[in-house]
Amino acid sequence: MLVKKRYSVLDMARWTRWETLVFLVIATIVTVLYNLFGYTFLHVPWTPVALIGTAVAFMVGFQNNSAYGRIWEARKIWGGIVNTSRSWGMKTKDMVSNEYTDNPAVLQELQEHKKVLVYRHIAWLTALRHAMRQPRKWEAFEDSHTNREWSNMIHIPEKMFTVDQDLMHYLSDEERAYVLSKKNGPAALLYLQSDHLKRLKERGLLWEFSFLELENVLQELFTLQGKSERIKNFPYPRQYATLSYSFVWIFLLLLPFGIVPEFSKIGLGLADSFPILAPYFGWLAIPFCVSVSWVFHTMERIGRVGENPFEGSANDVPISTISRGIEIDLRQLLDEDHASIPEQFPEEYGVQM
C-alpha cells in the first residue's frame, strides 16, 4: 500500500503504544530502585552503553536502507508492469486484424479475440497480485498486535476474495480450472497468451512480425513477474533481521542503567544552585529513557515492516490499486461501457491498497 499523507505524531504514538508502555515501566522501575531504595549498584558505565548504541544505530540504518531499497525496487517493477500492460493493450488492439489473411474474420470475431487477450492479461495481473499477497513464514508484519489492528481496520482485496472468485470475471471456466491447477498461475496465463497468439498467426489474423512483437511483450511480462517473485520469495537476510532486533533490545534494556545514575549525579551537582529542583532532577531520566528507547525501537520496527513490500502494510507497494488502474485503462481502450468497468479500489485512511 502507499500512504498519501504524512504520519502524524499521534499515529506513530498509537502504532507503538505497547512498546512505549514497556519502555516506561522499565525506566520507572530502575529509577525507583535507584532513587528511592538506594540501589546504587544498578549502574552501568556510560561508555559501553554508548558503544552498543553506536553499533545498533549502524545496524538499524543498514536495515532501513535495505528495506527501502526493496520497496523502491518493487515499485519500479510494478511501474514497468503498468507500461508493458498498456503496450500489450495497444498492440493487440491494432495488430490483430484481417490485413494479412486470405480467410478474413468478421469484425465481431476480431473484437472477441482482442477482448480475450486483454481480459486474460487482466487475469494475469489478478493472479500475480494474489500471489504477491500470499504469506511467507518469514513475513512478520502481523506478529505485532498494532499491525493486526491495522489489518482488521482496512479491506485488502486479496484477503476479501479468493483468486478463484476474482478470476471468474476474466476467464472461461475451462481456462480458470487450468490456471488454478498450476502452482504458478500467472505463468500459466502467459503460456495461454502465447498459445493464443500462435493460433492467430497460423490463421493469418496476426502478421508474423506482429506475432514476434507480441511475444516480446510476453517475454517482458515474464521478466517483470520474475523480478517481483524474487523480492517476494527471497527475504531480507534473517541473520541481519534477527541480530538487529536482538541488539536493539539489548541496548534498550541497558539504557536506563546508564542514564538514571547520570541524571542522579547531575541532580547532586545542582544541590547548591537549585536546591528545590535538585532532589527531583533524577526523575527526568524516565522521559529521557522512554524517548531514546522509542526512537531506536521505532526505527528498527519501520525497517522490519518494510522488508517485505507486498505484505499489505501502510507503506507497501499498492499492487491492488495499480492492477485495478491498469484494468480500467485497458477496458476503456476496448471502448466498453463505463458502467460495466469496475471502479478503483477505495482509499482507506488515506492509504491505497
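Keep in mind that what you see is a predicted model, and the values were worked out from it rather than measured.
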Minimum heavy-atom separation for [X] and [Y], please, with both atom names.
{"X": "Leu214", "Y": "Met95", "answer": "CG-SD, 4.2 Å"}
{"X": "Leu255", "Y": "Cys289", "answer": "CD2-O, 4.0 Å"}
{"X": "Ser293", "Y": "Leu252", "answer": "CA-CD2, 3.4 Å"}
{"X": "Ser244", "Y": "Met59", "answer": "N-CE, 3.9 Å"}
{"X": "Lys114", "Y": "Val96", "answer": "CE-O, 3.2 Å"}
{"X": "Ala27", "Y": "Thr31", "answer": "O-OG1, 2.7 Å"}

Okay, side chain of [X], backbone of [Y]: is any donor-acceptor separation there less than 3.5 Å?
{"X": "Arg70", "Y": "Glu307", "value": "yes"}
{"X": "Thr92", "Y": "Gly89", "value": "yes"}
{"X": "Ser340", "Y": "Glu336", "value": "no"}
{"X": "Thr84", "Y": "Gly80", "value": "yes"}
{"X": "Asn98", "Y": "Ala105", "value": "yes"}
{"X": "Arg75", "Y": "Trp72", "value": "no"}
{"X": "Trp78", "Y": "Glu73", "value": "no"}
{"X": "Asn64", "Y": "Met299", "value": "yes"}
{"X": "Arg304", "Y": "Ala241", "value": "no"}
{"X": "Lys232", "Y": "Pro135", "value": "no"}

Please determine whether side-chain hydrogen bond (donor to acceptor under 3.5 Å, both in side chains) holds for the pair Arg331 and Tyr119, giving the CA-CA distance in whole Å, both sets of side-chain angles, and the decisive distance to 0.1 Å. CA-CA 8 Å; Arg331 293 178 68 170; Tyr119 269 51; 3.2 Å; yes

For the ring pair (Phe, Tyr, Trp, His ring centres under 6.0 Å) test, which of Tyr280, Phe281, Trp283 pairs with Phe263?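 Testing Phe263 for a ring pair (Phe, Tyr, Trp, His ring centres under 6.0 Å) against Tyr280, Phe281, Trp283 leaves exactly one candidate, Phe281.
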
Would you mind telling me which of Trp207, Phe211, Phe209 makes a ring pair (Phe, Tyr, Trp, His ring centres under 6.0 Å) with Tyr100? Trp207

Would a single hydrophobic cluster contain both [Y] and [X], if residues Ile, Leu, Val, Met, Phe, Trp and Tyr are joined by side-chain heavy-atom contacts under 4.5 Å?
{"X": "Phe37", "Y": "Ile259", "value": "yes"}
{"X": "Val32", "Y": "Phe257", "value": "yes"}
{"X": "Tyr34", "Y": "Ile266", "value": "yes"}
{"X": "Phe58", "Y": "Tyr240", "value": "no"}
{"X": "Ile77", "Y": "Tyr236", "value": "no"}

Sequence-distant partners of Phe234, ring-ring contact (aromatic ring centres under 6.0 Å, His included), two or more places apart: none

Evaluation steps, ring pair (Phe, Tyr, Trp, His ring centres under 6.0 Å), between Tyr191 and Phe222: CA-CA 10 Å; Tyr191 280 116; Phe222 265 120; 5.7 Å; yes

For [X], does the [atom1] atom sit with more than 12 other heavy atoms under 6.0 Å from it, leaving out its own atoms?
{"X": "Glu208", "atom1": "CD", "value": "no"}
{"X": "Lys93", "atom1": "NZ", "value": "no"}
{"X": "Gln219", "atom1": "CD", "value": "no"}
{"X": "Lys227", "atom1": "NZ", "value": "no"}
{"X": "Asp94", "atom1": "CG", "value": "yes"}
{"X": "Lys159", "atom1": "NZ", "value": "yes"}
{"X": "Leu36", "atom1": "CG", "value": "yes"}

Within a strict 4.5 Å, meaning less than it, do heavy atoms of the [X] and [Y] side chains meet?
{"X": "Val317", "Y": "Ile322", "answer": "yes"}
{"X": "Leu128", "Y": "Ile81", "answer": "yes"}
{"X": "Ile231", "Y": "Pro309", "answer": "yes"}
{"X": "Gln352", "Y": "Phe345", "answer": "no"}
{"X": "Gln332", "Y": "Ile328", "answer": "yes"}
{"X": "Ile122", "Y": "Ile326", "answer": "no"}
{"X": "His155", "Y": "Pro346", "answer": "no"}
{"X": "Gln165", "Y": "Thr162", "answer": "yes"}

Note: Arg176-Asp173 ion pair, threshold 4.0 Å (strictly below): yes

Testing the 3.5 Å rule here: is there a donor-acceptor pair between the side chains of [X] and [Y]?
{"X": "Glu229", "Y": "Gln225", "value": "yes"}
{"X": "Asn308", "Y": "Arg136", "value": "no"}
{"X": "Tyr245", "Y": "Arg301", "value": "no"}
{"X": "Glu327", "Y": "Tyr170", "value": "yes"}
{"X": "Arg120", "Y": "Gln193", "value": "yes"}

Does the side-chain contact (heavy atoms from CB on, under 4.5 Å) test come out yes or no for Phe247 and Ile52, once each step is laid out? CA-CA 8 Å; Phe247 288 173; Ile52 293 174; over 6 Å; no

Please determine whether side-chain contact (heavy atoms from CB on, under 4.5 Å) holds for the pair Ser97 and Leu205, giving the CA-CA distance in whole Å, both sets of side-chain angles, and the decisive distance to 0.1 Å. CA-CA 5 Å; Ser97 68; Leu205 299 180; over 6 Å; no

To the nearest 0.5 Å, how far apart are [atom1] in [X] and [atom2] in [Y]?
{"X": "Ile29", "Y": "Leu24", "atom1": "CD1", "atom2": "CG", "result": "9.5 Å"}
{"X": "Leu224", "Y": "Lys76", "atom1": "CG", "atom2": "NZ", "result": "12.5 Å"}
{"X": "Leu218", "Y": "Leu192", "atom1": "CG", "atom2": "CG", "result": "11.0 Å"}
{"X": "Ser264", "Y": "Leu284", "atom1": "OG", "atom2": "CG", "result": "10.0 Å"}

With ring pair (Phe, Tyr, Trp, His ring centres under 6.0 Å) as the criterion, how do Phe23 and His297 come out once you've worked through the C-alpha distance, each side chain's angles and the decisive distance to 0.1 Å? CA-CA 10 Å; Phe23 304 148; His297 182 272; 5.5 Å; yes

Test Arg324 against every option in Pro157, Pro318, Pro342 by the side-chain contact (heavy atoms from CB on, under 4.5 Å) rule and name the one that passes.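 The single option meeting the side-chain contact (heavy atoms from CB on, under 4.5 Å) with Arg324 is Pro342.
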
Do Tyr39 and Phe41 have their ring centres less than 6.0 Å from each other? yes

Evaluate the ring planes of Phe296 and Phe251, with Trp represented by its six-membered ring, and classify them as parallel (under 30°), tilted (30 to 60°) or perpendicular (over 60°). tilted

